[in-house]
Structures are given as C-alpha cells and as structure tokens.
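This one's a predicted model, so the numbers in the text were calculated from it and none came from an experiment.
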Number of protein chains: 2
Amino acid sequence: MPRPPLARERVLDAFEDILVHDGERAATLEAVAKAAGVSKGGLLYHFASKEELAAGILDRLEEQMRLDEERMATAPEGPVAYFIRTSVMTDDPLDRVIVATSRLAQGGHSPSVEALSGIRKRWAAGIRPHVRDQAALDLVLLVSDGLYFNNALTPVTTGVSATVPTGAALDALIELVLRAAT
Amino acid sequence: MPRPPLARERVLDAFEDILVHDGERAATLEAVAKAAGVSKGGLLYHFASKEELAAGILDRLEEQMRLDEERMATAPEGPVAYFIRTSVMTDDPLDRVIVATSRLAQGGHSPSVEALSGIRKRWAAGIRPHVRDQAALDLVLLVSDGLYFNNALTPVTTGVSATVPTGAALDALIELVLRAAT
DNA sequence: GTCTATATAGCGATAGAC
DNA sequence: GTCTATCGCTATATAGAC
C-alpha cells in the first residue's frame with residue numbers, strides 16, 4: 001500500500017474531528033482546512049470535493065470495522081459482552097469514525113446511511129450464533145444502538161451530557177443483557 | 001386558548017414534515033414556505049426567525065409529551081410494554097415531533113438537545129417504579145432509544161429501510177424486555 | 001503541492017408595496 | 001396578512017500564480 005501524503009491524513013483527521021465534536025453543519029471546507037493547517041485550495045488539491053472527503057471517512061469506517069470484526073470474534077468475554085461494552089464511546093478510532101459517519105448520514109448523505117446499515121448487518125451476523133433467538137438478537141443490537149445514539153446526540157458544546165451507564169452500571173447492564181439474550 | 005391562524009399551523013406542519021423526511025439541512029425557509037403554500041415573506045410574518053420556528057416545534061413536543069405521559073400511566077398492558085411498543089415509529093403526532101426535534105438537535109440546536117434530555121428523564125421517572133433496578137431501567141430506555149434511532153436514521157429518500165422489529169417480532173422483543181426488567 | 005482570488009449559488013432576514 | 005425584491009453573508013468549487 002503506497003503511503004498517503006501526511007497532509008491528506010491531517011485533513012481527514014480534522015474533518016472527522018469537526019463532524020464528531022461540532023456536527024455536520026460546522027464541517028465546512030474552510031473550518032476543516034483551518035483545523036488541518038492548510039488553505040481551502042490546499043485542501044481541495046487532496047479532496048476535490050466534499051463528497052470525496054465523505055468517501056475518505058467511509059474508507060476509514062470500512063478499515064476500522066474489519067479490525068473490530070476480528071477483535072469481536074476473539075474477545076475473551078465473548079462477542080456479546082464485547083459488543084455492548086464497546087458501544088459506549090471511548091474515543092477510539094472505530095467509535096470516532098462511526099459517529100462521524102452517523103453525522104453525515106443525518107445530514108442526508110445516502111452512502112453513509114447505507115454504510116451504517118451495512119455494518120449493523122455485519123454485527124448481527126457476528127452475534128447471531130451467540131444468542132438464543134431473533135428477539136435476543138434484536139435486544140442486543142437495539143441496546144447498542146441506544147448507547148451510540150445517546151453518545152452521538154450531542155454534537156455541539158451544549159453542556160448537556162448524555163446519561164449513559166458507565167463503570168459499574170455498565171457492567172450490570174451487560175450482565176442483564178447476557179442473562180436475557182444467551 | 002385562542003385559535004392560532006391556520007396558515008401558522010400549516011407552516012409548522014411543513015417544517016416538521018421536511019425535518020422528518022429530508023433532514024435539517026433541507027428545512028430551509030424557502031422549502032418550508034413552498035411546502036406550506038406561502039412565500040418566504042409570508043412565512044416570516046408568522047415566525048420572525050428560524051429560531052421561532054424551532055421553538056414552535058418544541059412547544060408541540062411539550063404538548064404531545066404531556067398527552068403521552070397520561071396514556072403511558074394508564075396503559076392496560078402496563079407502562080413498560082406501552083413505552084417499548086410506542087418507540088417504533090407509527091407516524092403519530094408524538095413520533096413525528098420527536099424525530100423532528102432530534103433532527104434539530106443533531107443540527108446543533110441546543111434547546112432541542114435539552115428538550116430531548118428532559119423528556120427522556122420524564123420517561124425514566126414514569127418507568128422506574130415498574131422495573132427491578134437501575135440496570136433494568138437502563139435496558140428499557142436504551143432499547144427505546146435504539147428503536148427511535150433506527151427509525152430516525154433515514155432522513156433522505158435512500159431506499160434503505162431500517163431493520164427494526166415489527167409485528168410478532170416486536171411482541172417477542174417486548175416479552176423479552178419485560179422478563180428481563182420486571 | 002499549496003497558495004490567493006474569484007465565480008456562483010443559496011441561505012436567513014429586511015423593506016416596503018398591496 | 002401576504003407578497004416581491006433585495007441585502008449581506010457564507011457555502012462549495014474553480015482558476016491560475018508560485
């Protein structure tokens with residue numbers, strides 16, 4: 001794989017970051033260029049349009065998703081517990097790129113909607129063999145969706161923090177889901 | 001209560017509709033005016049700014065939420081089952097206004113984020129007495145969030161429909177949640 | 001490979017006629 | 001109460017110098 005230019009990666013990092021922290025509307029070419037330390041023209045040399053910028057995010061999503069599928073399949077605590085636990089945002093590369101993609105999706109970017117739908121199907125495929133039935137699978141997926149949704153709801157510096165279980169409360173939730181679903 | 005002008009309600013209906021079906025970015029003053037059958041100037045007579053338009057949505061949310069609190073408290077199948085079941089979008093006034101509000105929230109509109117956080121607290125208060133413990137409450141709320149999220153993910157006409165349980169699958173899910181949480 | 005300058009279009013909002 | 005016309009701003013994208 002040929003090494004991509006550093007500036008290109010910096011631009012993509014900045015785009016992802018602004019999507020996650022400030023929302024889709026704030027991720028203008030100017031804001032991204034400034035955060036990446038280049039000019040608008042410089043940015044557009046690497047990504048000829050905003051659409052290409054979004055495609056860069058979807059490439060990252062695919063890359064991180066592949067890594068996660070391996071990790072989930074080999075997790076010591078089992079795929080289901082791993083899946084629920086990693087649905088709480090921990091600022092790792094997969095979480096960041098998923099939230100960035102869901103911002104694009106909610107901004108009306110169809111390829112992002114399809115990509116999210118696709119990774120959800122792949123998670124379902126990884127979990128199905130480890131749960132009792134379809135209702136159990138639905139339960140696990142929906143709890144995960146709920147966790148992501150709450151984390152993704154607050155794009156702007158609103159001061160409102162999502163009330164999602166962490167620490168001991170998360171452990172208790174995982175135990176409850178495992179008891180119900182497996 | 002004084003009867004509000006009909007045109008005003010039509011404008012608010014159009015705003016809500018475009019938010020739900022096409023996303024926040026598509027809900028421009030021009031698009032809303034056109035859908036409501038008035039001019040931009042005519043719209044701005046009733047709502048002096050886009051902020052007032054958003055405030056109109058939040059007023060509707062409060063109104064519909066109050067009605068739902070009563071229905072949930074008196075539901076024959078119990079508050080928990082009622083809550084989960086009504087989390088699947090059925091195109092009723094509450095569902096529409098919640099999705100519209102979540103579009104505004106994800107567009108960075110702070111009052112909408114706070115409003116959603118507020119109604120989630122009120123649901124929690126209504127459900128807490130009917131579930132076993134905190135983990136059970138978290139489970140119920142997160143499944144509901146997950147259902148809403150999946151329904152709300154598709155703003156644009158993408159052709160991708162969310163794979164959320166309905167019919168018999170929804171009944172099975174509700175039974176599973178009830179067994180785990182109560 | 002990165003810059004400045006600019007073209008083009010669409011947004012929210014105002015002004016004033018009717 | 002509703003309209004048309006227009007202002008000021010910001011967005012994406014292009015052109016061409018360096």
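- Between A:G41 and A:R25, the residue anchored closer to the 5' end of DNA chain D is A:R25, taking for each the nucleotide with the nearest heavy atom.
- For B:L44 and D:dA5, the CG to P distance is 17 Å, given to the nearest whole Å.
- Residue contacts for A:L29: at a heavy-atom cut-off of 4.0 Å it reaches the sugar-phosphate backbone alone, with no base atom in range.
- Using a 4.0 Å cut-off between a side-chain N of Lys or Arg and a carboxylate O of Asp or Glu, A:R122 and A:E62 qualify as a salt bridge.
- Terminal axes of the helix from C:dG1-D:dC18 to C:dC18-D:dG1 (five pairs each, C1' rotation axis) are separated by 0°, to the nearest 10°.
- Partners of B:F47 according to the ring pair (Phe, Tyr, Trp, His ring centres under 6.0 Å) rule, which considers only residues two or more places apart in sequence or in another chain, do not exist here.
- Evaluation of the side chain to side chain donor-acceptor pair (under 3.5 Å) test over residues 30-45 of chain A, restricted to residues two or more places apart or in two chains, returns A:E30-A:K40.
- Using modelled atom types and a 3.5 Å distance limit, the side chains of B:H109 and B:E24 yield no donor-acceptor pair.
- Base contact: A:S39 has a heavy atom under 4.0 Å from a base atom.
- Applying the side chain to side chain donor-acceptor pair (under 3.5 Å) test to pairs two or more places apart or on separate chains, those with a residue in residues 171-182 of chain A are A:R85-A:D171.
- Following rounding to the nearest Å, B:K34 (NZ) and D:dT4 (P) show an atom-to-atom distance of 14 Å.
- In this structure B:D138 satisfies the salt bridge (Lys or Arg N to Asp or Glu O under 4.0 Å) test with no other residue, sequence neighbours excluded.
- Distance NZ (B:K50) to C1' (D:dT10): 14 Å, rounded to an integer number of Å.
- One finds a salt bridge joining B:D13 and B:R60 here, because a Lys/Arg side-chain nitrogen approaches an Asp/Glu carboxylate oxygen to under 4.0 Å.
- Bracketed by its first and final contacts, the part of DNA chain C lying under 4.0 Å from non-hydrogen atoms of chain A reaches from C:dG1 to C:dT4 in 5' to 3' order.
- A salt bridge is defined here as a Lys NZ or Arg NE, NH1 or NH2 lying under 4.0 Å from an Asp or Glu carboxylate O, and B:D68 with B:R71 meets this definition.
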